[in-house]
Amino acid sequence: MTRWPLTLRGTGAVLLGLLSFVLAGTFTIPALLFFGVLLLSAVALGLGSLYLGHRPDHVRRTFSPEIATAGEEVTVRAHVESRTVLPTMSGTWEDVLAPGVEGEATGAFPGMRSGLIAGSHSVDLAYRLTARRRGIRSIGPLRVTTTDPFGFARRTQRLDTPVPLTVAPARIDLGALEDLPGDAGGSMQTATDRLGQGADNLIPRPYFPGDSMRRIHWRASAHRGDLMVRQEEQESNPEAVVLFDRSRDRWSAEALRTPGDDPAFEVAVSAVVSAAARFVREGYTVAVLDVDGAELVEPIEAGDLAAVETMTIAFATVTARRDGSLADAAPLFAGATLGPVVVVTGPVRESDAALLAPIVAHTSLPVLVSVGADPEGLRAASATGWRTTPLEPEDELKTLWSQWAPERGTVGVD
């Protein structure tokens, strides 16, 4: 209910009625007393008509689509069931929208006939909103404002409670890996699995810091003149890893508090889910990990698009974390050889490039997505084997995905 239930007309009628009482006593005019009583009675009758014989309304909401993605339009429908003994005048309705969603959530609310004549009534309302930011956004409550037949009083009713709308991160449909150079595309039929899991074929590869000395292939080392280690291979579904650096020194304070508030972090989240979805379509088994190796979602089997949808929804509430460091990332790949590895992080400094360098030897496609890229850091990362290319704010990740070349691989987002 509004703080003052009378309209401007009703307020004027009350004041005029009270003035009539004063003037009737001052000038001894009985007609003014009658007029004042009539005005105040009319106001009281109008106010009472808004409250008497009105049963609580029931609102049922639906969203289409049920799960929105950032930047997507959503159709909101509200089915309002109402019963009232007295007929009501037409009014207005307004839906309360949380920050992060935008739309014209208002309109005319039709008048209702008496329930004694026509039984229950229902009203269907609909409007479109745009989900601007990721997160769980509340829609509602629905507020309806009506006036009495005289226009003296108004009543604003809150018909329901807020309903959550899940806004998942934008998932970009990246191009097929077979369009990229090298052997990391979707046509890959065999892939190396983790070392020590019963592989039969031994293939030498260059030694890299972190490899066990017990796996040095001395014959190949003597032949090549450089240290080589045994790489064990077996037939399996190729594996891909998407590593998400959420540590607080990469992002703003807003990324720690609320999903959707840090634009740079939103770019990173979109890159994570987009890359993972592409790898799943390409036939990779995908692990989405934090920098310390913790699984952000369950591993997704190759071709499991339902799991991709589940992952995208799970990322609706992901925020940055107060700990974690890129220094924890390289040990996760020691003793393993995988397919593509995508590392998504904030600005990459030269020191960060050194921390990530050991990962390059353990992946067929090392990709570093740097949001708010540091040019010096990108050059240092490129020199260690990461694929690099600058990404300006107006560029799109989808475009860069299809333009990677062997000498370019870090994706920087400013």
Atom CD of residue position Glu66 - does it have more than 12 heavy atoms of other residues, nucleotides or ligands inside 6.0 Å?
no

Do Phe109 and Val123 touch side chain to side chain, with heavy atoms closer than 4.5 Å?
yes

Arg9 and side-chain contact (heavy atoms from CB on, under 4.5 Å): which single residue from Thr7, Thr11, Leu6 fits?
Thr7

Quick one: salt bridge (charged side-chain N to carboxylate O under 4.0 Å, His left out) partners of Glu298, sequence neighbours excluded?
none

For Phe244, what residues pass the ring pair (Phe, Tyr, Trp, His ring centres under 6.0 Å) criterion, not counting sequence neighbours?
Phe265

Under the side-chain contact (heavy atoms from CB on, under 4.5 Å) test, which residues partner Thr130, sequence neighbours left out?
Glu73, Arg132

Between Glu301 and Val286, is a side-chain contact (heavy atoms from CB on, under 4.5 Å) present by the stated rule, with each step listed?
CA-CA 7 Å; Glu301 297 295 330; Val286 180; over 6 Å; no

Test side-chain contact (heavy atoms from CB on, under 4.5 Å) applied to Leu129 - qualifying residues, sequence neighbours left out
Val74, Val76, Leu97, Val101, Tyr127, Ile139, Leu165

For Arg143, enumerate each residue passing the side chain to side chain donor-acceptor pair (under 3.5 Å) test, keeping only those at least two apart in sequence or located in another chain.
none

Testing the 3.5 Å rule here: is there a donor-acceptor pair between the side chains of Thr62 and Arg77?
no

Would you say the side chain of Leu159 lies within less than 4.5 Å of the side chain of Val80, judging by non-hydrogen atoms?
yes

Flag the pair Pro238 / Thr285 as yes when at least one side-chain heavy-atom distance between them is below 4.5 Å, and no otherwise.
no

Side chains of Trp251 and Thr319, donor plus acceptor under 3.5 Å
no

Hey, does the side chain of His58 reach the backbone of Glu81 with a donor-acceptor pair shorter than 3.5 angstrom?
no

Going by side-chain hydrogen bond (donor to acceptor under 3.5 Å, both in side chains), name the pairs with one or both residues in residues 323-332, residues two or more places apart or in two chains.
Arg321-Asp323

Quick one: side chain to side chain donor-acceptor pair (under 3.5 Å) partners of Asp245, sequence neighbours excluded?
Ser247, Arg250, Thr345

What's the verdict on salt bridge (charged side-chain N to carboxylate O under 4.0 Å, His left out) for Glu266 and Arg134, showing C-alpha distance, side-chain angles and the deciding distance?
CA-CA 8 Å; Glu266 295 311 295; Arg134 180 179 60 91; 2.7 Å; yes

Would you say Thr146 and Arg154 make side-chain contact, with heavy atoms under 4.5 Å?
no

Looking only at heavy atoms, what is the nearest atom pair of His79 and Ser122, with distance?
CE1-CB, 3.5 Å

Between Val167 and Ala70, which heavy-atom pair has the shortest distance, and what is it?
CG1-N, 3.8 Å

Pro162 vs Pro141 side-chain heavy atoms within contact, under 4.5 Å:
yes

Under 3.5 Å donor-acceptor, Thr310 side chain and Ala306 backbone:
yes

Do you see a donor-acceptor pair shorter than 3.5 Å between the side chains of Ser49 and Asp148?
no

To the nearest 0.5 Å, tell me how far Leu39 CG sits from Leu19 CG.
10.5 Å

Between Val273 and Met311, which heavy-atom pair has the shortest distance, and what is it?
O-CE, 3.7 Å

Got Val14 and Leu16 here, is their nearest side-chain heavy-atom distance under 4.5 Å?
no

Please give me the minimum heavy-atom distance between Ser370 and Leu378, naming the atom from each residue.
CB-CD2, 4.1 Å

Look only at the side chain of Ser274 and the backbone of Ile172, and say whether a donor-acceptor pair between them is shorter than 3.5 Å.
yes

Closer than 3.5 angstrom, by distance alone: can the side chain of Thr384 be matched with the main-chain N or O of Ala381 as a donor-acceptor pair?
yes

Partners meeting side-chain contact (heavy atoms from CB on, under 4.5 Å) with Arg379 (sequence neighbours left out)
Pro375, Glu376

Indicate the atoms forming the closest heavy-atom contact of Phe279 with Ala240, along with that distance.
CD1-CB, 3.7 Å

Are any non-hydrogen side-chain atoms of Arg246 and Val318 less than 4.5 angstrom apart?
yes

Residues passing the salt bridge (charged side-chain N to carboxylate O under 4.0 Å, His left out) test with Arg248, sequence neighbours excluded, are none

Tell me, please, which residues at least two apart from Arg171 pass salt bridge (charged side-chain N to carboxylate O under 4.0 Å, His left out).
Glu309

Looking at side-chain heavy atoms only, is the closest gap between Leu142 and Trp93 below 4.5 Å?
yes

Between Leu243 and Val342, is the side-chain contact (heavy atoms from CB on, under 4.5 Å) condition met? List the steps.
CA-CA 6 Å; Leu243 197 69; Val342 175; over 6 Å; no

Can Leu356 and Leu368 be said to form a side-chain contact (heavy atoms from CB on, under 4.5 Å), step by step?
CA-CA 9 Å; Leu356 294 173; Leu368 180 60; 3.7 Å; yes

Okay, side chain of Asp290, backbone of Asp292: is any donor-acceptor separation there less than 3.5 Å?
no

Could you tell me whether the side chain of Asp304 and the main chain of Ala307 form a donor-acceptor pair under 3.5 Å?
yes

Could you list the residues that satisfy side-chain contact (heavy atoms from CB on, under 4.5 Å) with Thr166, not counting sequence neighbours?
Ile67, Ile136, Ile313, Ala316

Mind jotting down which residue pairs meet the ring pair (Phe, Tyr, Trp, His ring centres under 6.0 Å) criterion with at least one end in residues 139-160? Sequence neighbours excluded, please.
Phe150-Phe152

Any chance you could lay out the side-chain contact (heavy atoms from CB on, under 4.5 Å) test for Ile359 and Val341, step after step, and finish with the verdict?
CA-CA 8 Å; Ile359 300 176; Val341 172; 4.1 Å; yes

Which pair of non-hydrogen atoms, one from Ala168 and one from Thr312, has the smallest distance, and what is that distance?
CB-O, 3.6 Å

